[in-house]
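Being a predicted model, the structure only gives us computed values, none of them experimental. Here is the naming used below: chain letters follow the sequence lines, and residue numbers restart at 1 for every chain. For the numbers below, each heavy atom of this structure counts, side chains included, while hydrogens, waters and symmetry mates do not.
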Amino acid sequence: MSKNKFYITTSIAYANAEPHIGYALELLQADVLARYHRQKGDDVFFLTGMDEHGKKIQQKAELENKTPKEFVDEISEKFKSLAKELGISNDSFIRTSDEKMHYPIVFDFWKKFVEKEDIYKNTYEAFYCVGCEAFINEKDLKDGECIIHKKAPEQVSEENYFFKFSKYAERVKELIQKDEIKIVPEHRKKEMLNLFESEKVSDVSFSRPKESVGWGINVPSDDTQKIYVWADALTNYISGLGGPTGKLYEKFWPADVHLVGKDILRFHAMIWPAMLLSLELPLPKNIYVHGFITHEGVKMSKSLGNVVSPFDLIEKYGKEAVRYYLLREIPSYQDGDFSDERFKERYGDLSNKLGNLVLRVSAIAEKNKDILGEIKISENDISESIRNTISEYEKNIESFHLNVALENIFKLIDVSDKMVEESKLWELPKKDKEEFKKTTKDLILSIAYTAYLLLPFLPDTSERIFSALGISKDKKDWSEKPLSIKKPEPLFPRLD
RNA sequence: CGCGGGGUAGAGGAGUGGUACCUCGGCGGUCUCAUAAGCCGCAGGUCGUGGGUUCGAUCCCCACCCCCGCAACCA
């Protein structure tokens with residue numbers, strides 16, 4: 001069997017603030033998919049990174065008396081440590097301020113756009129509201145005044161380079177329609193197709209005057225202009241592979257999955273494919289779109305002061321529990337909610353179900369190891385319930401229903417618990433030694449599969465279960481070595 | 001305005017033209033291997049509103065009400 005390759009990316013986080021629990025979710029979802037494919041034996045490349053240019057960062061840095069570079073260096077360290085604390089298995093971390101990795105590819109792409117005559121200079125007329133410190137749409141004006149600041153905006157005209165999105169829009173739409181770029185879930189695809197119907201096929205601004213945005217990559221051969229976010233940030237997916245001439249690119253491009261938040265789908269579904277068409281490069285296969293997390297039903301925002309820090313959560317509950325909550329409780333592609341109360345309820349799955357099962361079965365097995373003698377397990381012996389769990393689980397992971405895949409695993413844990421109960425496993429050593437051996441073996445096999453399926457989600461826990469059973473995570477080894485079961489410390493101590 | 005999704009037990013979610021289901025929570029019972037965990041059972045819903053199609057609708061059709069998303073550089 002030839003090895004498949006699997007290239008997955010997260011969106012790159014905008015470096016204007018500390019890591020957010022929503023970004024933790026995106027990292028985790030991507031991590032599960034990456035680990036799942038590695039376990040299947042695929043050749044995986046998992047990229048994440050930071051978007052570090054732009055006006056907001058420039059302003060933030062000024063506020064803190066730092067250069068933009070100093071500022072983003074600090075922030076990106078925090079994002080890196082978040083990935084580390086969450087146990088994210090990314091293979092690389094690209095930063096758009098990386099002059100060696102990223103800049104040359106952006107320049108390169110820009111020049112190609114110019115060669116294809118897909119870039120042109122134009123004057124951009126817009127309303128600028130001093131109160132908002134931003135351009136505002138004509139639609140958002142009421143009686144010619146900004147709704148928020150009740151002031152007439154200034155009419156500003158600005159020179160920008162534009163990218164001929166309109167030239168490619170029809171083709172991109174078709175690709176989305178035919179699922180050649182597959183947008184998951186379906187309703188997001190409909191939203192995008194609908195966007196093409198409206199007047200949104202106009203060309204997009206790809207640069208800003210230097211005075212307007214000073215922190216960014218220069219437009220080649222015009223140092224009065226800086227490259228604007230899309231031409232800069234989206235390019236990370238290829239610069240992160242070392243550009244279109246590198247070995248990694250050759251092996252991994254096109255991306256199998258771009259994982260993005262619903263807020264930036266349109267850029268990934270519209271502008272990015274159009275850029276690739278212009279560059280004559282292959283297109284990503286799938287775009288998975290996740291939702292946002294509310295905090296007790298309320299949108300998290302700095303002004304409300306209800307932002308949940310992923311670091312605090314990890315410190316309080318541990319990495320594995322945080323992974324479990326976010327992946328289980330937040331539907332992969334809808335919005336979800338975080339609450340402390342709910343977190344504690346969910347934690348019960350880990351301590352009372354998973355941890356308890358492993359402990360009770362291994363305790364009985366260890367105590368009666370002379371009756372059990374030398375036992376081995378084999379994947380050929382799997383029961384109907386294990387078989388069903390596996391097929392449901394795989395189906396759900398591959399359709400980006402990660403929360404449901406976790407649910408599948410916990411159903412299997414229930415089955416095991418009932419098996420202990422119904423067989424009265426603890427009485428069997430005295431009553432029926434053969435039955436005891438057989439039931440224990442079945443149970444251990446079921447637990448081994450639980451750990452196996454859990455591996456992409458809770459890698460450390462999975463590891464601890466295997467070590468309690470005395471086997472490796474590699475299924476091929478299972479029938480080779482006899483088990484050596486040792487009662488572990490509780491996997492997830494009660495919270496209280 | 002438009003396009004899309006949705007309104008099902010206290011909460012969160014499945015579901016089907018014909019006994020309405022799962023998880024969490026609540027209540028009661030039970031075992032004792034285990035982290036006072038587990039297992040069993042109970043309570044609780046006129047399946048948004050009003051019409052229609054049908055022998056029969058939560059499920060199909062129509063109208064309406066409400067919520068949410070997209071439309072807009074909020075992870």
Side-chain angles (χ1 to χ4, degrees), chain A residues 10-14 16-27 51 54-56 79 134-137 139-140 185-200 205 213 228-230 233 260-267 289-293 297 299-303 307-308 310 328-331 334-337 339 341-342 344-346 348-368 403-404 407 410-411 413-414 416-429 440 443 487-496:
Chain A
T10 65
S11 60
I12 48 178
Y14 195 55
N16 68 336
E18 309 238 332
H20 188 283
I21 191 177
Y23 193 64
L25 174 70
E26 186 171 309
L27 286 173
D51 173 11
K55 194 171 189 171
K56 275 190 190 168
F79 277 81
F135 290 103
I136 53 178
N137 217 302
K139 276 191 210 160
D140 296 330
E186 185 81 19
H187 74 266
R188 297 284 170 202
K189 171 182 167 183
K190 285 182 187 157
E191 269 173 19
M192 285 306 114
L193 289 174
N194 187 246
L195 261 188
F196 283 98
E197 299 299 327
S198 53
E199 73 296 356
K200 288 297 159 192
S205 164
V213 180
Y228 192 51
V229 57
W230 313 119
V260 301
K262 60 183 183 180
D263 53 326
I264 52 171
L265 170 61
R266 50 196 309 264
F267 309 111
V289 189
H290 68 256
F292 283 1
I293 303 173
K299 188 177 137 168
M300 281 184 240
S301 80
K302 264 162 262 167
S303 45
V307 177
V308 178
R328 170 73 193 258
E329 185 68 10
I330 314 296
Q334 287 172 46
D335 289 350
D337 187 58
S339 83
E341 193 189 355
R342 193 70 188 139
K344 285 174 184 150
E345 281 168 16
R346 274 291 166 210
D349 294 349
L350 296 171
S351 55
N352 301 344
K353 296 280 186 174
L354 175 62
N356 187 235
L357 173 72
V358 173
L359 189 59
R360 69 196 298 210
V361 172
S362 56
I364 299 173
E366 190 182 9
K367 220 178 287 175
N368 297 285
N403 56 318
V404 187
E407 203 180 306
F410 278 79
K411 283 257 162 64
I413 293 170
D414 281 344
S416 304
D417 254 328
K418 278 172 197 164
M419 219 194 294
V420 174
E421 215 62 47
E422 280 162 20
S423 66
K424 300 203 173 186
L425 189 72
W426 57 93
E427 290 176 4
L428 284 180
T440 305
L443 272 166
K487 181 181 146 184
E489 286 302 303
L491 300 177
F492 295 93
R494 288 176 54 80
L495 286 175
D496 292 319

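When the side-chain nitrogen and oxygen atoms of A/Lys418 are compared with OP1 and OP2 of B/G38, none of them lie within a distance under 4.0 Å. Phosphate proximity of B/A71 to A/Arg266: present, with a side-chain N or O under 4.0 Å from OP1 or OP2. A/Lys189 has no side-chain polar atom (N or O) that falls below the 4.0 Å cut-off from OP1 or OP2 of B/C70. Look at A/Arg494 and you'll find a side-chain N or O under 4.0 angstrom from OP1 or OP2 of B/A37.
A donor and an acceptor atom sit less than 3.5 Å apart, one in the side chain of A/Glu421 and one in the base of B/G38.
By the criterion of a centre-to-centre distance under 5.5 Å and near-parallel planes under 30°, the ring of A/Tyr14 forms no stack with the base of B/A75.
Among the nucleotides B/G38, B/U35, B/G4, the one closest to any side-chain atom of A/Leu491 is B/U35. The side chain of A/Lys367 approaches B/A34 more closely than any other nucleotide in the set B/C31, B/G69, B/A34. Of the candidates B/G69, B/A75, B/U35, the closest approach to any side-chain atom of A/Asn356 belongs to B/U35. Candidate nucleotides B/U35, B/C40, B/G5 were compared by shortest atom distance to the side chain of A/Pro490, and B/U35 ranks first. For A/Glu191, taking side-chain heavy atoms from C-beta onward, the closest of the listed nucleotides B/G38, B/C70, B/C24 is B/C70.
Applying the Watson-Crick and G-U wobble criteria (two distances, each under 3.5 Å), B/U53 pairs with nothing in any strand. As the counterpart of B/G41, B/C27 is assigned, both hydrogen-bonding distances of the Watson-Crick or G-U wobble pattern falling under 3.5 Å.
Looking at A/Glu341 and A/Lys344, no side-chain N of the basic residue comes within less than 4.0 Å of a carboxylate O on the acidic one, giving no salt bridge.
Classification of the A/Phe79-A/Tyr23 ring pair by plane angle, with boundaries at 30° and 60°, yields perpendicular.
When each of A/Glu427 and A/Asp414 is assigned the nucleotide of RNA chain B bearing its nearest heavy atom, the one mapping closer to the 5' terminus is A/Glu427.
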